[in-house]
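The next block holds one structure in the form of structure tokens; read it before the comments.
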Amino acid sequence: MERGIFVSCSAGNAGPGSATLSNGAPWITTVGAGTLDRDFPAHVVLGNGKNYSGVSLYSGKQLPTTPVPFIYAGNASNSSMGALCMSGSLIPEKVAGKIVLCDRGTNARVQKGFVVKDAGGAGMVLANTAANGEELVADAHVLPGAGVGQKAGDTMRAYALSDPNPTASIVFAGTQVGIQPSPVVAAFSSRGPNTVTPGILKPDLIAPGVNILAAWSGSVGPSGLAGDSRRVGFNIISGTSMSCPHVSGLAALLRAAHQDWSPAAIRSALMTTSYNGYPNGNGILDVATGLPATPLDVGAGHVDPSKAVDPGLVYDIAAADYVDFLCAISYGPMQIAALTKHTTDACSGNRTYAVTALNYPSFSVTFPATGGTEKHTRTVTNVGQPGTYKVTASAAAGSTPVTVSVEPSTLTFTKSGEKQSYTVSFAAAAMPSGTNGFGRLVWSSDHHVVSSPIAVTWT
């Protein structure tokens, strides 16, 4: 960052639990994952006529057009882990020629298909459990296989255990586009709050990270497993390791368009122009809950490249500002030197340092359970045309409002590069520890909307 290099990192794939994110340092842009409007559907049809939608990337030899015997892996194993289709856990005589229903978890999703295939199975249905809910991730299975959500999996399991002669078939539907709603937050995407420095809201934003078309090494098969002899030039991959490169690429484009922008200015442009809702006005959904996502899930929102190139205002941060931040969280000279790679007497005893003074494009506010007040200071730089910006700001925990006041409430810029500062005061009543509240602070002019998320936590 000191050398002008934009650094983006994955938030991690440990969601949907809270406080699961990695890479929470403020000089890093931390990226979560959302979906695209593209899907790879596969339909599982049971012998009782019920049809369930799943996903699959399988493109090899198809199953017979007639129904195939169907069995639950837990009934085809002598192992207590048999339902998970662990290596060596299935009894070949019970699964030979059948479609096997495997529970998701513990071992790799595609690995379960190898286990079924090695035992003589004809196909596999991979059923989500409560840990993954209804989130579906397409996989390049080594035999005819499809992943289904928890609800469908529960129903299929009950059918396989109760019907005297259960059967099933799997129909692969190729690629479909125009899937709605899109994007939604991936359940696996790691979430805030930032437990290392709660005063910094993370992740910063989300980007496409589910079922992404990606170049693939010919050294391994599309499943990535040693036993996979297939070779492809491209693959479909999911994870925050897919969403992060999208942001890295966008940063490169922004740097090409604005060669004088710092890494912080680039991040600010990406964050303050991100969107949080669909065209119908509803908020971006979190697939893990089925409810609108919060800033702890998406940060500023889903990246919007065309708007990021002309953000109007940016929140810039220099290396010295990050050192002041380290002073604010009580880092000593040796700890700061370990990060900056040079010795410094940065933290002066004559100065007061505050995390709330870091010029971040988002607001993370922490109150004790008894409530209180907190003041943040920010400086914005005009990178657009001259104009006057007016502010709107609000936050609430459910129906309980948090008082948010901004001074001044109007900022006027006469030239590019001009800087203006403002303060935001937050005041909240008592709330139970662990309560979260959310809102936004928005500066609007005739030509630009500069939006920042607000997350409030009572500890």
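Everything numeric here is computed off the predicted structure, so don't read it as measured data.
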Sorted by chain and number, sequence neighbours left out, side chain to side chain donor-acceptor pair (under 3.5 Å) with Tyr322 holds for Arg267
Side-chain donor/acceptor pairs under 3.5 Å, residues 13-24, sequence neighbours excluded:
from  : atom 1 : to     : atom 2 : distance (Å)
Asn13 : OD1    : Thr240 : N      : 2.9
Asn13 : OD1    : Thr240 : OG1    : 2.8
Thr20 : OG1    : Gly17  : O      : 2.9
Thr20 : OG1    : Arg191 : N      : 2.9
Asn23 : ND2    : Ser10  : O      : 2.7

With sequence neighbours excluded, what pairs up with Trp216 under the ring-ring contact (aromatic ring centres under 6.0 Å, His included) test? none
Side chain to side chain contact (heavy atoms under 4.5 Å, CB included) partners of Ala173, counting only residues at least two apart: Pro41, His43, Gln176
Just by distance, with hydrogens left out, do Thr410 and Lys390 show a side-chain donor and acceptor under 3.5 Å apart? no
In terms of side-chain heavy atoms, does Asn276 have a donor or acceptor partner in His302 at a distance below 3.5 Å? no
Apply salt bridge (charged side-chain N to carboxylate O under 4.0 Å, His left out) to Asp321 and list each qualifying residue two or more places apart in sequence or on a separate chain. none
So ring-ring contact (aromatic ring centres under 6.0 Å, His included) across residues 176-213, not counting sequence neighbours, yields none
Please identify which of these residues, Leu285, Val210, Val287, meets the side chain to side chain contact (heavy atoms under 4.5 Å, CB included) condition with Thr35. Val210
Residue set satisfying ring-ring contact (aromatic ring centres under 6.0 Å, His included) with Phe172, at least two apart, ordered chain then number -> Tyr58
Quick one: side chain to side chain donor-acceptor pair (under 3.5 Å) partners of Gln420, sequence neighbours excluded? Glu418
Could you work out, with ring-ring contact (aromatic ring centres under 6.0 Å, His included) as the rule, every residue matching Tyr278, not counting sequence neighbours? none
Taking the side chain from Ser182 and the backbone from Gly178, do they hold a donor-acceptor pair closer than 3.5 Å? no
Quick test of your reading of the model: are Asp154 and Lys151 salt-bridged, counting only N-O distances below 4.0 Å? no
Residues that Thr459 engages under side chain to side chain contact (heavy atoms under 4.5 Å, CB included), provided they are two or more places apart: Thr366, Thr457
Taken in chain and number order and not counting sequence neighbours, the residues that satisfy salt bridge (charged side-chain N to carboxylate O under 4.0 Å, His left out) with Asp228 are Arg230
Quick one: does any side-chain atom of Asn128 pair with a main-chain N or O of Glu135 as donor and acceptor, under 3.5 Å? yes
Electrostatic pair Asp103:Arg157 at N-O distance under 4.0 angstrom: yes
Check whether Thr356 reaches the backbone of Lys375 with its side chain - one donor and one acceptor, N or O, closer than 3.5 Å. yes
For Phe413, ring-ring contact (aromatic ring centres under 6.0 Å, His included) partners two or more places apart: Tyr389
Measure from the side-chain N and O atoms of Arg378 to the backbone N and O of Leu358, and report whether any donor-acceptor pair falls under 3.5 Å. yes
